[in-house]
Amino acid sequence: MIPLYELWLPVLVSAALVVSMSYVLHRVLNYHLKDYDRLANEEEVLEALERLAVPPGNYPMPLPTTRREMMSPPFMAKRERGPIWLNVMKPFSLRKVVVQWFAYALMAGLFTAYLTAQAFDAGAEPGEVAPFAGMTAFVGHSLALWQRSIWYQTKWSRTLRSTFDGLVYGVLTGLTFAWLWPAA
């Protein structure tokens, strides 16, 4: 078994490649522009929300305050009547998002390193390391996304595009680990 500290380079390089590739997928190819629907009256909604001065937070509506209320006929009628609203109110900082994304990519790489080090010794064949590390990274970047479509009705097309991204990130990570895997 390889000590985890010996895999710092593939973890770091794969995280940098994942963040760089996500820039290409999101900003150059632009196929994620279809992830959200635009409100026809977006400007009016933004002005109304600004006037209301809603503080940063996650706001589902309607929102019950107790389990009992959630099962009550008035709440169920409100939910059935609709609309259902899931919204995040927050100031946006691209710098903060990129830093958090890099930290996440490092964490995915760290888990990939741990599991791959359990499966392979130093000097393992790149053709064995790449698919194992790649699949591990793919799972880390993709599987939980499906819960958003199941529970929060995120469009499946968005989830599938993001799953494809995870596949790309997994391939990059797998190839990086195979390339930088310690020799025997």
Side-chain angles (χ1 to χ4, degrees), residues 14-67 69-72 74-112 115 133-174:
S14 65
L17 289 172
V18 163
V19 170
S20 299
M21 180 54 72
S22 72
Y23 176 84
V24 170
L25 295 174
H26 287 264
R27 299 288 182 218
V28 176
L29 299 181
N30 284 328
Y31 69 93
H32 280 284
L33 291 176
K34 301 173 188 168
D35 285 352
Y36 298 97
D37 301 317
R38 180 179 295 278
L39 289 170
N41 58 346
E42 178 182 286
E43 196 59 40
E44 291 173 55
V45 172
L46 288 171
E47 289 171 7
L49 290 170
E50 186 177 16
R51 275 193 314 275
L52 292 170
V54 179
N58 295 299
Y59 297 99
M61 292 185 287
L63 179 65
T65 55
T66 65
R67 180 162 165 56
E69 181 188 355
M70 184 182 352
M71 304 310 283
S72 72
F75 178 80
M76 292 177 91
K78 188 189 301 187
R79 188 176 61 200
E80 289 298 318
R81 182 185 78 227
I84 302 297
W85 182 272
L86 300 170
N87 194 18
V88 177
M89 299 290 292
K90 68 178 190 84
F92 183 76
S93 165
L94 184 59
R95 177 177 292 153
K96 182 178 179 181
V97 169
V98 170
V99 167
Q100 289 175 341
W101 178 230
F102 184 70
Y104 178 84
L106 282 173
M107 186 60 67
L110 193 60
F111 277 98
T112 299
L115 291 172
M135 181 56 73
T136 303
F138 168 70
V139 167
H141 284 289
S142 299
L143 223 47
L145 299 171
W146 289 59
Q147 295 177 43
R148 304 284 305 164
S149 288
I150 294 166
W151 289 103
Y152 299 108
Q153 314 306 292
T154 297
K155 293 189 294 186
W156 279 102
S157 58
R158 176 182 176 203
T159 299
L160 292 173
R161 279 189 292 275
S162 295
T163 300
F164 173 77
D165 294 353
L167 180 62
V168 172
Y169 305 150
V171 168
L172 282 173
T173 301

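As the structure is a prediction and not an experimental result, all values here were calculated from the model. Count residues from 1 along the sequence.
Closest of all the heavy-atom pairs between A105 and V18 is CB-CG1, 4.1 Å. Pairing each heavy atom of M70 with each of F75, the nearest pair is O-CD2, 3.4 Å.
Residues passing the side-chain hydrogen bond (donor to acceptor under 3.5 Å, both in side chains) test with D35 are H32, R161, sequence neighbours excluded.
Side-chain contact check for R79 versus I84: some heavy-atom pair is nearer than 4.5 Å. Contact check for T136 versus F111: no side-chain heavy atoms found under the 4.5 Å cut-off.
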* Do H141 and Y104 pass the ring-ring contact (aromatic ring centres under 6.0 Å, His included) test, and can you show the C-alpha distance, the side-chain angles, and the key distance before you say yes or no? -> CA-CA 9 Å; H141 284 289; Y104 178 84; 5.7 Å; yes
* To do: Quick one: do L46 and E42 satisfy side-chain contact (heavy atoms from CB on, under 4.5 Å)? Show the steps, please.
  => CA-CA 6 Å; L46 288 171; E42 178 182 286; 3.9 Å; yes
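How far OG of S22 is from CG of D165: 8.0 Å, rounded to the nearest 0.5 Å. Here T159 contributes atom OG1 and I150 contributes atom CD1; the two are 8.5 Å apart, rounded to the nearest 0.5 Å. With rounding to the nearest 0.5 angstrom, the CG atom of L106 is 11.5 Å from the OG1 atom of T112.
Each of V88, L86, N87 was evaluated against N58; a single residue qualifies, V88, per the side-chain contact (heavy atoms from CB on, under 4.5 Å) test.
Within the 3.5 Å criterion, the main-chain N or O of T65 finds a donor-acceptor partner in the side chain of E69. Here the side chain of T173 pairs no donor or acceptor atom with the backbone of G170 at under 3.5 angstrom. Within the 3.5 Å criterion, the main-chain N or O of K34 finds a donor-acceptor partner in the side chain of K155.
For Y169 and W101, the ring centers are positioned less than 6.0 Å apart.
The environment of OH in Y31 is crowded: more than 12 heavy-atom neighbours from other residues, nucleotides or ligands sit within 6.0 Å. Around CZ of F164, the count of heavy atoms belonging to other residues, nucleotides or ligands within 6.0 Å does not exceed 12.
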